[in-house]
Amino acid sequence: MRHYRTQRGLTLDRLGELVDTVPSQLSLIENGKREPKLSLLTRIGEALGVELAELLRSEPPDERSALELELARYQRSSLYAKTNLPVVKVPRGTPTPMLEALVGLHRELARAASEKIATPEEARRANTELRAWMRERDNYLPEIERTAEQLVAKTGHTSGALTHREVSIMAEQLGFTLIYVSDLPRSTRSITDLPGGKIYLPPSSIPGGHGLRSMALQAIAHRVLGHTPPGDYENFLRQRLEINYFAACCLMPESAAVAYLAQAKKNRELAVEDFRDAFGVTQESAAQRFTNLATRHLDLRVHFLRVGDDGAIYRAYENDGLPLPTDVTGAVEGQYACRKWIARSALSQASHTTEISQYTDTPAGTFWCSTQTGTAGSEAFSITFGVPFDDAKWFRGRETTNRAKSFCPDPECCRNPPTDLASHWSGNAWPSARLHAHVLSPLPEGEFPGVDDNELYEFLERHSQG
């Protein structure tokens with residue numbers, strides 16, 4: 001309507017006279033804020049010299065009108081509202097190239113926001129690329145190793161498990177005090193008050209336990225490593241990897257850890273559980289830390305898996321050729337481990353207190369693995385560390401007689417059901433699958449992706465006043 005009115009050189013006042021309607025009503029109609037009666041719309045069409053059908057068409061009458069409408073839609077969106085920028089009105093004399101530039105900026109803003117929450121595709125792609133990047137480096141980051149070693153040394157720590165007091169000293173040397181509170185926002189693991197020099201952490205049922213030390217070290221790592229708010233999943237995951245790596249380096253310093261493992265290898269008594277107990281950490285932390293040091297310092301190619309009680313792989317690393325299952329993008333997370341692997345079969349065994357070892361023949365060769373199971377809440381999981389057959393000689397548990405054959409990724413190995421069961425139940429069953437909620441979780445928008453900004457700032461305001 002506006003297009004044909006301005007094309008005819010009519011003002012709202014003049015059109016109002018022709019159709020016997022006040023200009024303010026016509027303005028509301030043009031701006032989409034009022035629905036006209038068919039009789040009025042017919043009179044408007046006659047006054048403008050166009051068919052009623054032309055006024056009712058959903059397509060813009062020309063390219064410029066399309067741009068104006070697109071700009072208006074973008075400026076009405078919640079995405080634009082979050083920018084707190086003013087709405088730009090486009091006068092009739094605005095050059096078309098300027099209008100195209102404005103629309104182009106809005107398109108890019110929408111595209112970036114869409115890509116940012118493209119879960120799980122974006123997260124899985126970023127995670128796959130990050131794992132490949134670490135594999136190229138044998139899971140070893142020397143700069144973080146050196147930084148952590150220096151900071152730990154300044155606390156006076158010499159050997160054994162890093163104490164909670166030593167972690168507190170490290171924080172103090174960096175200008176921070178560790179404070180434990182019970183009201184952290186659910187979307188945060190820790191919060192650092194930069195001006196106040198405080199790091200807020202959740203309380204622990206075991207004061208000084210591994211989880212609390214690790215979480216404090218991860219919070220410290222953000223400052224030590226110079227992190228800034230991540231803008232996408234790639235940076236978010238890279239930062240998470242780096243703070244976990246830093247915490248592991250502090251809890252199991254490179255020089256002490258390598259000396260311990262080298263002696264154990266010399267004695268042919270390498271064992272993740274011994275490494276775990278020597279530094280007072282969890283089985284998972286010890287196994288992951290072993291992968292950081294094994295190739296660079298012990299000349300060992302290794303693999304690591306965390307597998308849930310449903311058989312899905314939650315974390316994985318390998319540089320020894322273990323044939324991990326992947327999807328078409330190369331992602332491992334969420335894929336099902338072979339039922340023949342000890343990482344999965346151990347979950348159904350009675351003993352959950354000691355490591356269980358097994359040799360597994362695969363299309364890529366034979367591998368020795370050692371697995372221990374545990375629970376997180378109500379869900380069980382397994383932690384597996386392994387090496388190719390030739391390197392099993394360095395590990396305790398190499399004498400195991402447990403042996404299995406895996407033909408995965410051949411579906412006949414463990415994915416396809418027996419023929420008799422398939423023929424009996426096919427078409428006669430309808431299961432309702434349980435959804436992994438995290439698979440659909442986007443990275444929320446905000447200054448700190450993944451964190452509820454409102455809860456964060458309310459928390460800081462509450463505690464700064466206290």
Side-chain angles (χ1 to χ4, degrees), residues 120 124 127 131 186 189 202 204-206 209-212 214-215 240 244 247-248 251 271-277 279-291 302-318 322-327 331-360 362 367-387 395-397 400 402-404 406 408 413-415 417 431-441:
R124 292 171 70 79
N127 206 40
R131 188 173 61 254
R186 293 176 60 184
R189 295 160 57 87
S204 173
S205 57
I206 308 176
H210 166 264
L212 204 57
S214 181
M215 200 171 297
R240 181 56 59 87
N244 285 335
L251 293 169
V272 173
E273 59 184 0
D274 288 355
F275 186 43
R276 171 200 69 196
D277 296 341
F279 290 90
V281 296
T282 64
Q283 184 82 4
E284 182 172 3
S285 293
Q288 287 186 305
R289 183 63 173 143
F290 206 150
T291 67
V302 299
H303 63 263
F304 162 85
L305 294 169
R306 177 182 171 125
V307 175
D309 56 6
D310 58 354
I313 297 174
Y314 284 79
R315 296 189 186 93
Y317 170 78
E318 65 80 25
L322 181 73
L324 296 175
T326 61
D327 63 14
V332 173
E333 290 73 20
Q335 300 300 300
Y336 287 98
C338 176
R339 293 174 182 271
K340 309 294 180 63
W341 291 2
I342 190 66
R344 189 163 178 185
S345 60
L347 289 162
S348 61
Q349 297 187 25
S351 175
H352 294 276
T353 58
T354 59
E355 291 184 331
I356 306 169
S357 301
Q358 176 180 293
Y359 289 99
T360 307
T362 77
F367 295 85
W368 174 88
C369 305
S370 182
T371 296
Q372 186 168 69
T373 57
T375 57
S378 60
E379 297 183 356
F381 62 90
S382 69
I383 301 298
T384 298
F385 182 90
V387 294
F395 290 81
R396 189 170 67 239
T400 182
N402 294 332
R403 193 140 193 163
S406 168
C408 283
C413 175
C414 65
R415 297 301 302 275
S432 180
R434 184 177 65 178
L435 179 67
H436 287 273
H438 71 275
V439 171
L440 299 177
S441 299

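Side chains are part of it too, since the values below use all heavy atoms of this structure and drop only hydrogens, waters and symmetry mates.
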Which pair of non-hydrogen atoms, one from [X] and one from [Y], has the smallest distance, and what is that distance?
X    : Y    : value
L251 : S214 : CD1-CB, 4.1 Å
S406 : C338 : OG-SG, 3.2 Å
Q288 : F304 : CG-CZ, 3.4 Å
Y336 : D310 : CE2-O, 3.1 Å
A346 : T373 : O-CG2, 3.8 Å
V272 : A287 : CG1-N, 3.8 Å

[X] side, atom [atom1]; [Y] side, atom [atom2] - distance, nearest 0.5 Å:
X    : Y    : atom1 : atom2 : value
S285 : F279 : OG    : CZ    : 13.0 Å
N402 : C369 : CG    : SG    : 11.5 Å
C414 : K340 : SG    : NZ    : 6.5 Å
Q283 : T371 : CD    : OG1   : 9.0 Å
S348 : D309 : OG    : CG    : 11.5 Å
R344 : I313 : CZ    : CD1   : 9.5 Å

**Asked** Of all residues at least two apart in sequence or in a different chain, which pass the side chain to side chain donor-acceptor pair (under 3.5 Å) check with E333?
**Response** N127, R131
**Complete:** Taken in chain and number order and not counting sequence neighbours, the residues that satisfy side chain to side chain donor-acceptor pair (under 3.5 Å) with S357 are none
**Prompt:** Using 30° and 60° as the class limits, which term best fits the ring planes of F275 and F290: parallel, tilted or perpendicular?
**Reply:** perpendicular
**Asked** What pairs with Y317 under ring pair (Phe, Tyr, Trp, His ring centres under 6.0 Å), at least two apart in sequence or on another chain?
**Response** none
**Those residues that, when tested against F367, pass ring pair (Phe, Tyr, Trp, His ring centres under 6.0 Å) (two or more places apart)** = H303
**Message:** For Y314 together with F381, are the ring centres under 6.0 Å from each other?
**Reply:** no
**Message:** Is it the case that over 12 heavy atoms from other parts of the model lie below 6.0 angstrom from the CZ atom of R339?
**Reply:** no
**Request:** Please assess T360 against I342 for the test side chain to side chain contact (heavy atoms under 4.5 Å, CB included), listing each intermediate value before the final yes or no.
**Result:** CA-CA 8 Å; T360 307; I342 190 66; 5.5 Å; no
**Prompt:** Does E355 pair with R396 as a salt bridge, N-O distance under 4.0 Å?
**Reply:** no
**Complete:** Residues passing the side-chain contact (heavy atoms from CB on, under 4.5 Å) test with Y359, sequence neighbours excluded, are T366, W368, F389, A392, R398, T400, R403
**Item:** Full working for side chain to side chain contact (heavy atoms under 4.5 Å, CB included) between V307 and W341
**Value:** CA-CA 11 Å; V307 175; W341 291 2; over 6 Å; no
**Message:** Checking E284 now: which residues fulfil salt bridge (charged side-chain N to carboxylate O under 4.0 Å, His left out) with it, not counting sequence neighbours?
**Reply:** R306, R315
